[in-house]
Amino acid sequence: MADFKRLSLILLTSCAGATLAACDGASSVASPGEGTIIVPSPTPSPAPTPTPTPTSTAGTPAADCPTGTTNVGTVGNFRSCRIPALVSGSLTLPRRAGTAYEINGRVDVGVDRGGAGTGGSQANLTIEPGVLIYANTTNADNDFLVVNRGSTITADGLANAPIIFTAQQNLTGNVTDESQGLWGGIILAGRAPVSNCNLSGVTGGSATCENVVEGTGNALYGGATAGDNSGIMRYVQIRYSGTVITPNNELQGLTTGGVGSGTRLEYIQIHNSSDDGIEIFGGTHNARYFVVTGADDDSIDTDVGWKGFIQFALAIQKPNNTQTDNYMMEIDSNGAEDALPRQNGRISNFTFIHTSTATNAGIRIRGGADFTFVNGIMTTPQACINTVAGTTENGGKSTIRGANSAIDEAGAPVFNSVYFACGSLSAESTQSGVTVTNAEQAALFTAGTNNVTNGTAANAYTSTYLPGTGAAAVTPFNASTLNPAGSAFFVQTSYIGAINGSADTWYQGWTCNSNRGNFGSTSGACTAVPTT
């Protein structure tokens, strides 16, 4: 994070439209061109048109399974076609009437190719729009999908035919709005830089800096390829995931480890994860059009040197939440305050609805994290933010430091055009004898522009999650100024929050409804699955 010894200098010299610096996922260690985030701006290719080859009438199981899968009987109204435990080469899961694909235990796509991409074997799993994939929760194993380093997933759904990952109980009508943690979830492991090397003497962000995805035992992530590509996930739902393997060792809805900026993550809903919605372990990937409903832990958790962007994020906790450690965003470093590469993330156009009365704040920023929040709306009965730091540097307090490229430090957290309706502005925590005071946290907001820290929930958002009257009056920040040279990821908007108005329907149709969030009649119920 940053050093309060230099906070006054930061506040005097900061500029609301400051461009992004010191953000290359590989940078931070020592390579030409360090100081930029690698953000691809691909022209979206046309989404594939589903080509179903039905072998049954609607509502009845198909007669057989496609090549590459194993017929293991029926579940509910579907023929169950098991995905092999190891996907080698290329495997396509076609959309077919009366067919659901089964994850039985751990399923690996490819064999880990290492941080340098020189070992193992590459594979690709292609999933057609509208495909239904479920975890076999009657077995004794933890069911999850791992896309290993050097392999890819092509899960490219459509707005009217999303790809659904769920649990077996969803197919048999045995889930409710309270169901969660029924299977493990999805893991993408890439070769982009991370800071938490599992071997001593290894340089953070190097090809040999790697670690194991928690909950897997041996799925490794990390490397030195900032632009690494783990594939595409678009128009995807992940329901009822988040298995706890052991205490503090969990699988999330979606876990990314060292995933590079060549990966496309768009239009993804994670529903009722018993742990985080998404946890990001380092890497340089970006995400947009992101929905998290009912996560039991953090909605978005970022760690160990992640350098990336998020735009258009809607996260809603479950009603009457009493969990004590769940934030809308937890921005962390796992205690390694000054490990490199240092985390430096940017989020624009977010709407966060925090309901927990036991967690001390809506957003927690701790460790060596630099972060920028713009064009956001958040409501919480608790404090808006909890900023935590506890290391010593040069004999002084190391909390909110000034920009310093030598240590990959971008400077203090930044807030611009944020509407906060909270019980209080900040909450204090003491770590290693260091407390970031309420006054010091308040100074972060003062340094920004067009921030509202005393808003009301009634004026924050409407029943359909559009900006309320208070939020609508906030002058938006031009997020495109956060783009590094050559990138066009962030787009300028005329509003704050995740959604513009009634004509803005990006979050409808492909999502599912529950008592966590209702997105309108074009979205189906999370407790039901399509029958065709």
Side-chain angles (χ1 to χ4, degrees), residues 1-11 195-196 247-248 275-276 279 297-306 317 321-340 342-345 352 354 356-373 378 380-404 407-415 418 420 422-448 451 453-454:
M1 282 210 338
D3 190 353
F4 273 109
K5 292 185 299 180
R6 287 169 274 180
L7 178 60
S8 59
L9 178 61
I10 300 166
L11 299 182
S195 65
N196 58 331
N248 298 316
D275 198 60
D276 300 328
E279 185 159 14
D297 198 358
D298 311 314
S299 294
I300 301 171
D301 190 340
T302 66
D303 305 271
V304 298
W306 176 63
Q317 286 190 329
N321 198 315
T322 59
Q323 298 298 315
T324 59
D325 191 35
N326 57 348
Y327 299 88
M328 302 313 298
M329 288 194 73
E330 182 164 25
I331 299 158
D332 207 351
S333 65
N334 285 358
E337 307 263 334
D338 291 320
L340 300 180
R342 192 182 306 281
Q343 184 172 182
N344 190 341
F352 291 161
H354 187 249
S356 178
T357 57
T359 302
N360 65 348
I363 295 172
R364 170 177 276 183
I365 310 170
R366 67 179 180 184
D370 304 322
F371 224 88
T372 294
F373 304 83
M378 185 175 72
T380 174
Q382 302 299 92
C384 298
I385 63 168
N386 174 224
T387 308
V388 183
T391 63
T392 300
E393 180 186 54
N394 299 327
K397 183 165 80 170
S398 177
T399 51
I400 299 185
R401 289 188 290 259
N404 184 341
I407 57 172
D408 191 26
E409 175 66 73
V414 174
F415 296 85
V418 173
F420 276 163
C422 314
S424 61
L425 177 56
S426 61
E428 294 181 350
S429 295
T430 299
Q431 179 178 318
S432 302
V434 175
T435 302
V436 183
T437 67
N438 288 327
E440 290 166 329
Q441 294 182 74
L444 300 174
F445 291 91
T446 304
N451 292 318
T453 58
N454 61 347

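All of these numbers come straight from a predicted model, not from anything done at the bench.
- Shown here are the side-chain hydrogen bond (donor to acceptor under 3.5 Å, both in side chains) partners of Ser429, two or more places apart in sequence or in another chain: Asn386.
- In terms of the side-chain hydrogen bond (donor to acceptor under 3.5 Å, both in side chains) criterion, Thr324 has no residue partners (sequence neighbours excluded).
- For the atom pair OG1 of Thr446 and CG of Leu444, the computed distance is 8.5 Å after rounding to the nearest 0.5 Å.
- With contacts defined as side-chain heavy-atom distances shorter than 4.5 Å, the pair Thr380/Phe352 does not qualify.
- Partners of Asn438 by side-chain contact (heavy atoms from CB on, under 4.5 Å), not counting sequence neighbours, listed by chain and number: Ser426, Glu428, Gln441.
- Test Arg364, Arg366, Gln343 against Asp332 for side chain to side chain donor-acceptor pair (under 3.5 Å) and you get one pass: Arg366.
- Here Phe415 pairs with Phe373, Phe445 under the ring pair (Phe, Tyr, Trp, His ring centres under 6.0 Å) rule; sequence neighbours left out.
- To the nearest 0.5 Å, atoms CD (Gln382) and CD1 (Ile363) are separated by 14.0 Å.
- Side-chain atoms of Asp276 come within 3.5 Å of backbone N or O of Asp298 as a donor-acceptor pair.
- Using a 4.5 Å heavy-atom threshold, the side chains of Ser195 and Arg342 count as separate.
- Distance check: Phe420 CZ to Asn454 CG gives 12.5 Å after rounding to the nearest 0.5 Å.
- Residues satisfying the side-chain contact (heavy atoms from CB on, under 4.5 Å) test with Thr359, not counting sequence neighbours, are Asn326, Tyr327, His354, Ser356.
- Summarising the geometry, atom OG1 belonging to Thr302 is positioned 8.5 Å from atom CD1 belonging to Ile300; distances are rounded to the nearest 0.5 Å.
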Audit row: Glu330, Glu279, side-chain contact (heavy atoms from CB on, under 4.5 Å) steps and yes/no: CA-CA 9 Å; Glu330 182 164 25; Glu279 185 159 14; over 6 Å; no

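- The main-chain N or O of Ala410 is found under 3.5 Å from a side-chain atom of Asp370 such that the two form a donor-acceptor pair.
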